[in-house]
Asker: 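Questions regarding the structure given below will be posed in turn.
This chain uses plain numbering: 1 for the first residue, then up along the sequence. All ligand and atom numbering here is 1-based and tracks the order in the structure.
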Amino acid sequence: MRTPFIAGNWKLNKTISEARAFAAEFGPLVQDVTDVQIGLFPVFTSIPALSEALGGSNVEVGGQDFYWKASGAYTGEVSLPLLEDAGAKLVLIGHSERRGRFGVPEPDLEGEAGRVFGETDHSVNKKLLAALGSSLTPIVCVGETLTERQNGHTDAVVENQTVMALDGVEASQVASIVFAYEPVWAIGTGEVCAADEANRVCGVIRATVASKLGAQAGEAVRIQYGGSVKPDNARELLALEHIDGALVGGASLKADSFAQIVQAARG
Ligand code: 13P
């Protein structure tokens, strides 16, 4: 039985005091929840304050990104040991907003959404291998753009991202990895992927893990869906076979809506 995992990705939002205020409101709403893993990804500057505010609770804090080296001449970066030192227990890897060509949004996406920070499948793999050597639980994000979906490449894109991420990973390590299927076209658009399609693609990720690392690894790996998850669509998504949780953006910024999504994972 895979424990459901609901995580909130705050992206570039909330000051330190806003993060503290969220913790004060959210903590009590979920304090009795023992059957769902709960995580929050604030901006780096809020990690110590949020970890402290939620200390001893059932809500874990994580970093939205990191560099795989521990220290050195890497201006602007943060490392796994520094995230651990700040109180983090989780880390995101390869969110779609971090992938792609640096500073160049995908042509089918408006404004600043999409793959904008130059991350590649190779760097995602380096980060996953580094995270597996740390105390942090990694969530590896995969997903196709609208153009890739329209061209019928969804499964190939997701399979390829999964295989590349797992290069050099042992079967015994997979139980501590979480994948998040986040179709880029469903992120921040209000356009949720149909539940049966989200489940089907999460099944493709599971089958890819199984074919690379064995049936047991495929069974054990947890897979979240992300992309416009809200209190009113969470239950339908989370009831499905291959969807073990959610990676929530906008709806995680408000304590009550994020708590409702946590409740929806309780079955
Ligand atoms: P939204 O829930 O705002 O669509 O964002 C999803 C996401 O990117 C979480 O990582």
Side-chain angles (χ1 to χ4, degrees), residues 4-14 22 26 37-44 46-47 50 59-66 88 90-100 105-106 108-117 119 124 127-128 131 137-146 148-149 157-158 161 165 177-195 197-198 201-202 205 222-238 243-262 264-265:
F5 187 1
I6 305 296
N9 175 10
W10 285 354
K11 308 189 179 184
L12 187 48
N13 293 290
K14 289 197 191 292
F22 181 99
F26 181 67
Q37 185 175 359
I38 307 168
L40 280 171
F41 294 88
V43 293
F44 292 131
S46 292
I47 291 176
L50 191 63
V59 185
E60 296 171 325
V61 174
Q64 296 176 14
D65 190 28
F66 62 96
L90 313 166
V91 76
L92 286 182
I93 300 177
H95 189 281
S96 59
E97 288 147 20
R98 300 223 59 85
R99 291 179 182 253
E106 293 290 314
D108 60 327
L109 292 161
E110 304 237 322
E112 295 183 353
R115 299 168 176 169
V116 284
F117 287 110
E119 185 122 7
V124 168
K127 290 180 181 188
L128 178 57
T137 297
I139 300 180
V140 179
C141 304
V142 299
E144 81 289 356
T145 61
L146 185 60
E148 288 163 345
R149 173 163 284 266
V157 167
V158 165
Q161 289 176 343
I177 301 174
V178 179
F179 277 90
Y181 168 53
E182 296 206 313
V184 179
W185 50 270
I187 294 178
T189 57
E191 193 174 340
V192 66
C193 184
E197 174 63 5
V201 182
C202 288
I205 296 169
R222 287 186 295 169
I223 304 171
Q224 300 172 321
Y225 167 78
S228 298
V229 176
K230 309 279 180 234
D232 61 2
N233 60 26
R235 195 170 294 277
E236 184 191 6
L237 289 158
L238 294 166
I243 302 179
D244 304 315
L247 185 54
V248 185
S252 71
L253 293 169
K254 292 218 167 75
D256 59 345
S257 62
F258 191 48
Q260 284 177 52
I261 295 171
V262 170

Asker: Does one side chain, of H95 or Q64, offer a donor that lies under 3.5 Å from an acceptor on the other?
Answerer: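 Side chains of H95 and Q64: no pair found under 3.5 Å.
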Asker: Quick check: are there more than 12 heavy atoms from other residues, nucleotides or ligands sitting under 6.0 Å from NZ of K254?
Answerer: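 Result for NZ/K254: open.
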Asker: Could you walk me through whether I139 and L90 pass the side chain to side chain contact (heavy atoms under 4.5 Å, CB included) check?
Answerer: CA-CA 8 Å; I139 300 180; L90 313 166; 5.5 Å; no
Asker: Can you name the salt bridge (charged side-chain N to carboxylate O under 4.0 Å, His left out) partners of E191, sequence neighbours left out?
Answerer: none
Asker: Treating K14 as the side-chain partner and V43 as the backbone partner, does any N or O pair qualify as donor plus acceptor under 3.5 Å?
Answerer: no
Asker: Should the ring pair W10 and F22 be called parallel, tilted or perpendicular, given that the plane angle runs from 0 to 90° and is split at 30 and 60?
Answerer: perpendicular
Asker: Filter the ligand 1-protein atom pairs down to N or O on both sides and distance under 3.5 Å, then list them.
Answerer:
| unit_1 | atom_1 | unit_2 | atom_2 | d |
| --- | --- | --- | --- | --- |
| ligand 1 | 2 (O) | S228 | N | 3.4 |
| ligand 1 | 2 (O) | G249 | N | 2.9 |
| ligand 1 | 3 (O) | G250 | N | 2.8 |
| ligand 1 | 4 (O) | G188 | N | 2.6 |
| ligand 1 | 4 (O) | S228 | N | 2.7 |
| ligand 1 | 5 (O) | K11 | NZ | 3.3 |
| ligand 1 | 8 (O) | K11 | NZ | 2.8 |
| ligand 1 | 8 (O) | H95 | NE2 | 2.9 |
| ligand 1 | 8 (O) | E182 | OE1 | 3.4 |
| ligand 1 | 10 (O) | N9 | ND2 | 3.0 |
| ligand 1 | 10 (O) | H95 | NE2 | 2.9 |
| ligand 1 | 10 (O) | E182 | OE1 | 3.2 |
| ligand 1 | 10 (O) | E182 | OE2 | 2.9 |

